[in-house]
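In the text below, chain A, chain B and the rest are named by the order of the sequence lines, each starting its count at 1.
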Protein chains: 2
Amino acid sequence: MTAPTADRPVSHSPSAPSVRETAEAWESLFRTQVTVMRRLQTDPAFRELGIKEYDVLFTLSGCPGGGLRLNELNNHVLLAQSSLSRLVDRLERKGLVTRRAAPEDGRGTLIALTEAGLETQRRIGRGHVREIARLFGTALDGGELAELTRLTAKLRQHVEESHPL
Amino acid sequence: MTAPTADRPVSHSPSAPSVRETAEAWESLFRTQVTVMRRLQTDPAFRELGIKEYDVLFTLSGCPGGGLRLNELNNHVLLAQSSLSRLVDRLERKGLVTRRAAPEDGRGTLIALTEAGLETQRRIGRGHVREIARLFGTALDGGELAELTRLTAKLRQHVEESHPL
DNA sequence: TCAGGATACATGCATTTGCATCTATCTCGA
DNA sequence: TCGAGATAGATGCAAATGCATGTATCCTGA
């Protein structure tokens with residue numbers, strides 16, 4: 001993902017990291033995501049419903065209130081706004097989500113899970129988490145896994161706050 | 001990405017993690033990748049060449065020998081084999097890579113960077129690493145960044161070894 | 001050695017995606 | 001209050017993608 005560049009010397013100290021160290025971390029994170037996702041995608045469960053479609057159902061299942069606005073949903077998915085709009089079209093045609101006008105903003109659309117959508121998400125999700133656990137196996141122990149979660153969450157929060165879209 | 005499931009109690013001990021902890025770690029890693037990638041994609045540098053096309057040039061730049069086989073290249077990218085084949089078509093038409101028969105396997109294709117391809121990768125790459133560093137900012141210190149690199153690399157290596165495609 | 005199956009890559013075709021643009025609604029300052 | 005600009009989402013259309021399949025080459029056991 002990155003190329004070597006002139007840079008100050010590598011420092012493994014707990015101070016400001018070099019550009020190179022930063023790029024290496026991103027490269028490693030990114031490749032790991034590719035490696036894991038490639039294998040998750042082959043799960044036969046995702047022949048019924050693509051993994052992106054599942055991801056939208058999963059995100060919606062996390063906010064059982066009134067659903068999510070399309071643009072909020074869009075922040076969780078790596079798709080252009082128009083592509084997400086059509087992905088929601090497909091889910092709507094399958095009866096897994098509903099669209100309704102946002103109560104406080106006439107421009108907005110509120111997307112919410114239907115009963116069938118929730119049931120589908122839960123059914124696929126059960127097998128999906130098992131598949132994740134099977135893939136990860138014993139690669140990382142409990143402490144390492146917790147640290148991975150903490151570091152990625154910290155990075156994500158920082159990027160969201162200091163570089164809004 | 002995942003749904004809650006019945007599971008043994010959460011353990012933050014350094015022993016075998018629960019299914020839930022594993023799914024949480026994957027979810028956090030995945031969302032972070034989405035958050036960062038979404039922002040990297042908006043770099044105007046990727047109007048000249050899509051980020052996936054750049055990624056292929058970058059991967060090729062790491063093996064300056066004779067290039068890479070199409071199927072090796074495919075392991076680094078989240079694309080179906082046929083899609084990668086056509087992505088390489090596009091790069092070839094732009095004069096950034098060459099295709100030639102693999103020396104030891106008549107079925108294989110060896111993809112290699114041209115001079116122009118290497119130059120393009122380096123030019124885009126220089127700005128790209130700076131953009132990564134700008135995004136990451138001071139989110140993680142040097143030690144945390146090194147730990148993130150170590151954990152993701154360890155996970156990736158484990159998955160590649162124990163779950164070949 | 002050679003037939004049957006596996007593997008590497010390319011290609012036809014339908015689906016999905018993104019860009020540009022459109023409409024509708026909202027916001028804010030004069 | 002009104003008008004200019006901003007924002008949310010939908011849509012036309014070209015490009016990119018994936019699935020199924022095709023062709024060529026390789027491998028293996030009888």
S.K.: Is any side-chain N or O of A:S82 under 3.5 Å from a base N or O of C:dC19, one able to act as donor and the other as acceptor?
M.R.: yes
S.K.: OP1 or OP2 of D:dG18 less than 4.0 angstrom from a side-chain nitrogen or oxygen of A:R47, does that happen here?
M.R.: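 Checking D:dG18 against A:R47, no side-chain N or O comes under 4.0 Å of OP1 or OP2.
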S.K.: Using whole Å, report how far CD1 of B:I111 lies from P of C:dA10.
M.R.: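 So the CD1-P distance, B:I111 to C:dA10, works out to 7 Å.
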S.K.: Specify the separation, in whole Å, of atom CG of B:L68 and atom P of C:dA8.
M.R.: 14 Å
S.K.: Counting heavy atoms from C-beta on, name the nucleotide in D:dT17, D:dT25, C:dG18 closest to the side chain of B:D105.
M.R.: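 Output: D:dT25.
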S.K.: Hey, is B:K154 close enough to A:E144 for a salt bridge, meaning N to O under 4.0 Å?
M.R.: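 Yes, this pair counts.
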S.K.: Nearest-Å distance, CG (B:D55) to C1' (D:dT17)?
M.R.: 16 Å
S.K.: Considering only NZ, NE, NH1 and NH2 on the basic side and carboxylate oxygens on the acidic side, decide whether B:E24 and B:R20 come within less than 4.0 Å.
M.R.: no
S.K.: Let's test your reading of the model: under 3.5 Å, does the base of D:dA8 pair with the side chain of A:Q81 as donor and acceptor?
M.R.: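 Result: no qualifying N/O pair found.
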S.K.: Both A:L84 and A:R107 contact DNA chain C. Taking the nearest nucleotide for each, which residue is further toward the 5' end?
M.R.: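 It is A:L84 whose nearest nucleotide is closer to the 5' end.
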S.K.: Can you tell me how far P of C:dA10 sits from CG of B:L110, to the nearest Å?
M.R.: 12 Å
S.K.: When the nearest nucleotide of DNA chain C is assigned to B:R69 and to A:E53 on a heavy-atom basis, which residue is associated with the more 5' position?
M.R.: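 Going by which nucleotide is closer to the 5' end, it is B:R69.
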S.K.: What integer distance in Å separates A:L73:CG from D:dA8:P?
M.R.: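 Checked: the CG to P distance equals 14 Å.
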S.K.: Hey, are B:R123 and B:E119 close enough for a salt bridge, meaning a charged N less than 4.0 Å from a carboxylate O?
M.R.: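 Yes, B:R123 and B:E119 are salt-bridged.
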S.K.: Between B:N74 (CG) and D:dC19 (P), how many Å, whole number?
M.R.: 12 Å
S.K.: Do any N or O atoms from the side chain of A:S28 and from the backbone of A:A25 form a donor-acceptor pair under 3.5 angstrom?
M.R.: no
S.K.: Is there a side-chain contact between B:N71 and the phosphate of C:dT7, meaning an N or O under 4.0 Å from OP1 or OP2?
M.R.: no
S.K.: Quick one: B:E48 CD to C:dC19 P, roughly how many Å, whole number?
M.R.: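 Value for this atom pair: 16 Å.
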S.K.: So, does B:R93 get its side chain near the phosphate of D:dA15, meaning an N or O under 4.0 Å from OP1 or OP2?
M.R.: no
S.K.: Just how far is it from atom OG1 of A:T98 to atom CG of A:L110, taken to the nearest 0.5 Å?
M.R.: 8.0 Å
S.K.: The side chain of A:S83 is closest to which nucleotide in this list: C:dT17, D:dT17, D:dG9?
M.R.: C:dT17
S.K.: Less than 4.5 Å apart, any side-chain heavy atom of B:R39 and any of A:E160?
M.R.: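 When only atoms from C-beta onward are counted, A:E160 and B:R39 do touch, with a gap below 4.5 Å.
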S.K.: Mind calculating the distance between CD1 (B:I51) and P (C:dG18) to the nearest angstrom?
M.R.: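 Value for this atom pair: 13 Å.
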S.K.: Look at A:K52 and C:dT16 and indicate whether a side-chain polar atom (N or O) is within less than 4.0 Å of OP1 or OP2.
M.R.: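 False: A:K52 side-chain N/O out of range (4.0 Å or more) of C:dT16 OP1/OP2.
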S.K.: Picking from D:dT17, C:dG18, D:dA10, which would you name as closest to the side chain of B:L87?
M.R.: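 The listed nucleotide nearest to B:L87's side chain is D:dT17.
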S.K.: So for A:R86 and C:dG18, does any side-chain atom that can act as donor or acceptor lie under 3.5 Å from a complementary atom in the base?
M.R.: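 Result: at least one qualifying N/O pair found.
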S.K.: Heavy atoms from C-beta onward define the side chain here; which of D:dG18, D:dG9, C:dT17 lies closest to that of A:R90?
M.R.: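 Per side-chain heavy atoms of A:R90, the pick is C:dT17.
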